[in-house]
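To keep things clear, I will list the structure first and then write my remarks on it.
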Amino acid sequence: MRRYHQGTFQHCLLVTGVAVGFGLEFGFAGPDVKRLGMAATLHDIGKARIPLSILDKPGRLDPDEDAIMRRHPVIGYELLKAIPDISPEILDGVRHHHEYLDGSGYPDALTAPQISDLVRLLTISDIFAALIESRPYRPAMPRPDAYKILCGMDGKLEGSLLNAFRNVALVA
Ligand SMILES: [Fe+2]
Ligand SMILES: [Fe+2]
C-alpha cells in the first residue's frame with residue numbers, strides 16, 4: 001500500500017493510532033486492542049486495487065467511480081482471507097468498516113446487531129481520521145469540528161461510543 005498510494009498508507013497509520021487510543025479508552029483488553037490495531041492498519045488495503053485516477057481525483061466521484069471505490073472493503077477482505085494469521089475479527093473489520101448501525105452502509109448493509117464493537121470503534125476512528133486529514137479537494141479539518149460531524153451522524157454511529165471517543169478526539 002505504501003508503494004501504491006502514499007496518502008492511503010498515511011491514512012491507515014493515522015486510523016491505527018486513533019483506533020488504538022480509542023480501544024484503550026474503551027477498556028479493550030490487550031488482545032482486542034491488538035486486533036483492532038491490525039484491522040485499522042489493514043482496513044483500506046483493498047484500495048491497492050482501486051485506480052489512482054479515482055483515489056487521487058480532485059473533487060467528488062461520479063456514480064460509476066463511486067461504485068468502484070465502494071468495492072475496496074470486499075477487495076481487501078478477499079486479499080486477506082487466505083492468510084492464516086489474519087483472524088476473523090480482523091477480516092470482519094476490513095470488510096465492514098463502512099457499515100452503519102442503521103443499515104445504510106456497505107458492502108453488506110449490516111444493521112446494529114451484526115456490527116461488533118471492534119467494527120464500531122474502527123468505523124468511528126476511520127471517519128474521524130479522514131476528516132482531520134487534508135485531501136486533494138479540501139484542507140484538514142480541526143479536531144473539534146470533525147468530532148461535531150461524527151456526533152451529527154444520527155443513528156449511524158453509537159452515541160455511547162461517541163461519548164467515550166470525545167477524550168480521544170479532543171485530547172490527542
Ligand atoms: Fe475504507
Ligand atoms: Fe479508511
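All ligand and atom numbering here is 1-based and tracks the order in the structure.
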(request) Report yes if the side chains of M69 and L55 come closer than 4.5 Å at any heavy-atom pair, otherwise no. (result) yes

(message) Return all protein N, O or S atoms below 2.8 Å from the Fe ion (ligand 2), chain by chain in residue order.
(response) H11 NE2, H43 NE2, D44 OD2, D126 OD1

(message) Ring centres under 6.0 Å, that's the criterion: do H97 and H72 meet it?
(response) yes

(request) Go through the structure and list residues passing side-chain hydrogen bond (donor to acceptor under 3.5 Å, both in side chains) with K81, not counting sequence neighbours. (result) E78

(message) Before you tell me yes or no, could you show the steps for D56 and H5 under side-chain contact (heavy atoms from CB on, under 4.5 Å), namely the whole-Å CA-CA distance, both residues' side-chain angles and the distance that decides it to 0.1 Å?
(response) CA-CA 9 Å; D56 285 329; H5 193 250; 2.7 Å; yes

Validation: residues 20-38 side-chain donor-acceptor distances under 3.5 Å, sequence neighbours left out:
| unit_1 | atom_1 | unit_2 | atom_2 | d |
| --- | --- | --- | --- | --- |
| E25 | OE2 | N167 | ND2 | 2.8 |
| D32 | OD1 | R35 | NH1 | 2.7 |

(request) Provide the full list of salt bridge (charged side-chain N to carboxylate O under 4.0 Å, His left out) pairs with a residue in residues 102-122, sequence neighbours left out, each pair given once. (result) R95-D108, D102-K156, R120-E158

(message) Report the atom name of the nearest N/O/S atom of H72 relative to the Fe ion (ligand 1).
(response) NE2

